[in-house]
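Heads up: numbering here begins at 1 and tracks the sequence.
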Amino acid sequence: MKKFTSIVSFLLIVLASYWSFKSAMPSYKSDIKSAETSFSTDRALEHVSILSKQPHGVGSDGHIKAQEYIRLQLQKMGLKTQLQVGYTAGDWANMCKATNIMAKIEGSDPSRKALLLLTHYDSHPHSSLGASDAGSGVATILEGIRAFLAKKESPKNDIIILFSDAEEIGLNGADLFVNQHPWANDVGLVLNFEARGSGGQSIMLIETNDGNSKLIKEFTKATPKYPVANSLAYSIYKMLPNDTDLTVFREDKNIQGFNFAFIDDHYDYHTVRDSYERLDKNTLAHQGSYLVPLLNHFSTIDLEETKSKTDHIYFNIPFFKLVSYPFDWVWPMFAFALFCFVLLLTTGFKKKTLNLKDSLKGFLPLFLSLIINGIIGFYSWPLLKLIYPQYKDILQGFTYNGYTYIAAFSFLSIAICFWLYKKFSKITTPNLLVAPIVIWLIICGAIAAYLPGASFFIIPLFALLVSFLVLINQKQPNPYLLVFLAIPALWIYSPFIKMFPVGLGLKMMVAATALTTLTFILLLPIFGFYKSKGKWAFLSLFLAIIFIISAHFNAGFSVKNAKPTSLLYVLNADTNTAQWATYDHVISNWTKQYIKQNKDTEKNNYLTLPSKYNTHFKQVSNAPIKAIVLPKIETIKDTVINTQRHLTVCITPQRPAHRLEIFTNNITINSASINKLPIKPNILKKRNFKIKHKKLVTYYLNDTNYTEVDIVIPENEELELTLYESSNDLLKNPLFTVPERPEDNIPKPFVLNDAILVVKTIKF
């Protein structure tokens, strides 16, 4: 292949890869003056701006303001609002008083099932501003409903609008609605809007206990302009423990629906930087591009017709949008690909275009590429944490320079592939293609057997087989035809190279390096003809080094990309001792005022609370005893009935507490309730926290002055309750003089932070 042709073909490959991202979502343009019947991203942004002015977790002042604002906006549209208030503990044993906000648009056919629009309005407890999670969802629904009502058209189906509460605590608001509100029985389909970052494509995920074929069919009929969805994500999603509000609808009432969520810029998730300024406007426009057509479509059709027992494979690619076909096609397509390969292999050997020795040699660069790049990807994150220990303090597992690392390791993988295939340049391209086809046939066969939702991976293999056909019959094929045949691989796999490390953290860099390698071998019909593979290897290595250098210079923290820090004051009322504690691996200057670096801290036996990412205290230092008022604990009842001991204990805070966690010793608990709310039996059975106490409940306090615990245990058991009472006022409490964080620090998410924690144990 001529030098000029090589350059042009490589640029076309880069362009095709870029287009797989660019074409998948809208580009924001100011639309404040758009028609009243149109969805306006600018108008939606106004809602986000107001909702994200301050944290609004359950029980906070901001929470009440957010609630009042949403009610006012619904009323301005002429909708009658309802508040559903009640206590729930959900499936996470996290209890609170939740307040759901609801409204309904009456349909012309009351016999039909209703369409439910869903998002939550609470932000993560403590410091998150919640602009994306889920202020963006609230804004999308408010603006979408406004535009829908402006058309003055009556829908056939009722449209229920639910802004659920306490999603961040444990899906409590959804649990309250699904299990206690009569409207839940009328719901036929849910559209749920969520976020786990502050930007990127909004990905559609399905929640259903049955088949997805009719859901996909109707979703396609609604013609959303920028669908981003694939059945691989759907298959993985069904295997994972899901935790969105929509999950409650599926599990408790067998109500199916669609999730729409974006996951880029994961480092902003649940932090004070989940702000209006950092929310990607393109992303919000993408959410709106889903809601408008889906609302129009699903408010009209009979939602009972969206149920099915069969599944479809589906994926999105540019121009074709969402492509789908039945699961029944999976094995026939695989068999056809295998048949074509055997036929082409036979033809190649007959024409002497192929020979056995060179075809077998072609496996060497492929296996070496996969092994080397796999090892690099697997150990990249542990190595980066060793070089940059501050990365451990980003609990999301995705660093501010994470995209740079993805680019660096992808180009490094390409460099290694080019270098290895240069060593085997004497082997003709047709012979080199045998190994990639065999490997991809094995992959597609395994996928068909164990992960059928990813069976669309076979589409690029068919394109590779066509290239194989061309190369068997032509010594000098048209390079641009080969580039055209490579497009399916680029459009399907390029997004996954980025998605796995972004969605699952940089620990999944191995998925990016492996998939980059597997995509490279699909492009061998083009790269095999490159005469200067060494130069391309050098160019790719050079780019990898540039990205690594860029990542290094951005490895620290700044005002824009702040360091997550944590500090707690822990008072052990049992031993009358106090400690400063932090979850931080690398102590910041702000935290150093109270925590002294101690290499032996991990070995100390100190009180701790596990977090979402199983994060425990990393450093502690002795602290002065402060006059923190302890909770009042009273035994209301202690009696034995039929060999069962019935205990009632009342715990009353004597200070403005925000959270009460109750743990027990490792004993059998037959039943338990908090303020007369029963703890679900499955929660009592799976109390398996890896600490000496077993969690009973976490109670997020808001408007109550006491916690009444009713517990039934065998009469011969001794009960031990350990109470962790915390308040998020360490920086404001007059007993302390903790200064505000500097601008390049933010509160660490997912953990108890900026808190005064009192620990007390009682034996019965």
Side-chain angles (χ1 to χ4, degrees), residues 1-22 365-366 368-384 386-388 391 398-425 429 432 479 482-483 486 489-490 493-498 500-502 506 508-556:
M1 189 178 289
K2 296 180 180 179
K3 182 178 180 181
F4 175 77
T5 307
S6 299
I7 294 172
V8 172
S9 66
F10 191 83
L11 290 175
L12 289 173
I13 288 170
V14 172
L15 179 62
S17 300
Y18 168 76
W19 192 247
S20 68
F21 294 96
K22 179 66 176 177
L366 189 154
L368 287 172
S369 298
L370 282 172
I371 291 169
I372 294 172
N373 290 335
I375 291 173
I376 290 172
F378 185 80
Y379 288 104
S380 60
W381 182 233
L383 180 62
L384 287 172
L386 184 65
I387 298 171
Y388 308 103
Y391 288 169
F398 191 78
T399 60
Y400 292 114
N401 53 4
Y403 298 107
T404 311
Y405 281 126
I406 295 173
F409 285 103
S410 296
F411 276 112
L412 180 59
S413 299
I414 293 170
I416 290 169
C417 289
F418 268 124
W419 182 78
L420 286 170
Y421 275 94
K422 175 182 179 295
K423 299 296 181 182
F424 293 83
S425 56
T429 301
L432 284 176
L482 299 178
V483 170
L490 297 170
Y493 296 129
S494 294
F496 284 110
I497 292 171
K498 171 194 169 189
F500 282 116
V502 171
L506 293 179
M508 286 301 296
M509 188 65 77
V510 62
T513 57
L515 196 51
T516 299
T517 305
L518 290 170
T519 305
F520 182 94
I521 62 176
L522 287 168
L523 304 183
L524 277 178
I526 306 164
F527 294 151
F529 286 99
Y530 282 18
K531 295 181 179 179
S532 303
K533 294 184 182 68
K535 292 181 179 179
W536 288 104
F538 177 80
L539 174 62
S540 301
L541 179 61
F542 175 75
L543 291 172
I545 292 171
I546 292 297
F547 281 114
I548 286 290
I549 292 172
S550 174
H552 171 75
F553 282 109
N554 291 284

State yes or no: are the ring centers of [X] and [Y] separated by less than 6.0 Å?
{"X": "Phe520", "Y": "Phe418", "value": "yes"}
{"X": "Tyr493", "Y": "Phe496", "value": "no"}
{"X": "Trp536", "Y": "Phe10", "value": "yes"}

Approximate separation, where rounding is to 0.5 Å, of [X] [atom1] and [Y] [atom2]:
{"X": "Leu15", "Y": "Lys22", "atom1": "CG", "atom2": "NZ", "value": "12.0 Å"}
{"X": "Thr517", "Y": "Ile372", "atom1": "OG1", "atom2": "CD1", "value": "9.5 Å"}
{"X": "Lys533", "Y": "Tyr421", "atom1": "NZ", "atom2": "OH", "value": "10.5 Å"}
{"X": "Ile545", "Y": "Ser550", "atom1": "CD1", "atom2": "OG", "value": "13.5 Å"}
{"X": "Ile376", "Y": "Ile416", "atom1": "CD1", "atom2": "CD1", "value": "3.5 Å"}
{"X": "Ile526", "Y": "Ile13", "atom1": "CD1", "atom2": "CD1", "value": "4.0 Å"}

How far apart are the closest heavy atoms of [X] and [Y], and which atoms are they?
{"X": "Asn401", "Y": "Ala555", "result": "ND2-CA, 3.7 Å"}
{"X": "Ala514", "Y": "Leu370", "result": "O-CD2, 4.3 Å"}
{"X": "Ile406", "Y": "Ile497", "result": "CG2-O, 4.1 Å"}
{"X": "Ala544", "Y": "Ala408", "result": "CB-O, 3.4 Å"}
{"X": "Ala489", "Y": "Thr519", "result": "O-CG2, 4.4 Å"}
{"X": "Leu524", "Y": "Thr429", "result": "O-CG2, 3.6 Å"}

Just by modelled atom types, is the [Y] backbone N or O under 3.5 Å from a matching donor or acceptor in the [X] side chain?
{"X": "Tyr400", "Y": "Asn554", "result": "no"}
{"X": "Thr516", "Y": "Ala512", "result": "yes"}
{"X": "Thr513", "Y": "Asn373", "result": "yes"}

Margin query: Using side-chain contact (heavy atoms from CB on, under 4.5 Å), reason through Ile546 and Phe542 one step at a time and then give a plain yes or no.
Written below: CA-CA 6 Å; Ile546 292 297; Phe542 175 75; 3.8 Å; yes
Checklist line | Criterion ring pair (Phe, Tyr, Trp, His ring centres under 6.0 Å) against Phe398, the qualifying member of Tyr403, Trp381, Tyr391 | finding: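 That would be Tyr403.
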Next item on the list: State whether the number of non-hydrogen atoms from other residues, nucleotides or ligands found under 6.0 Å of Phe378 atom CZ is greater than 12.
Entry: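 It does not: Phe378 CZ has 12 such atoms or fewer within range.
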Next item on the list: With side-chain contact (heavy atoms from CB on, under 4.5 Å) as the test, would you mind laying out the steps for Ser9 and Tyr530 before giving the verdict?
Entry: CA-CA 10 Å; Ser9 66; Tyr530 282 18; 2.5 Å; yes
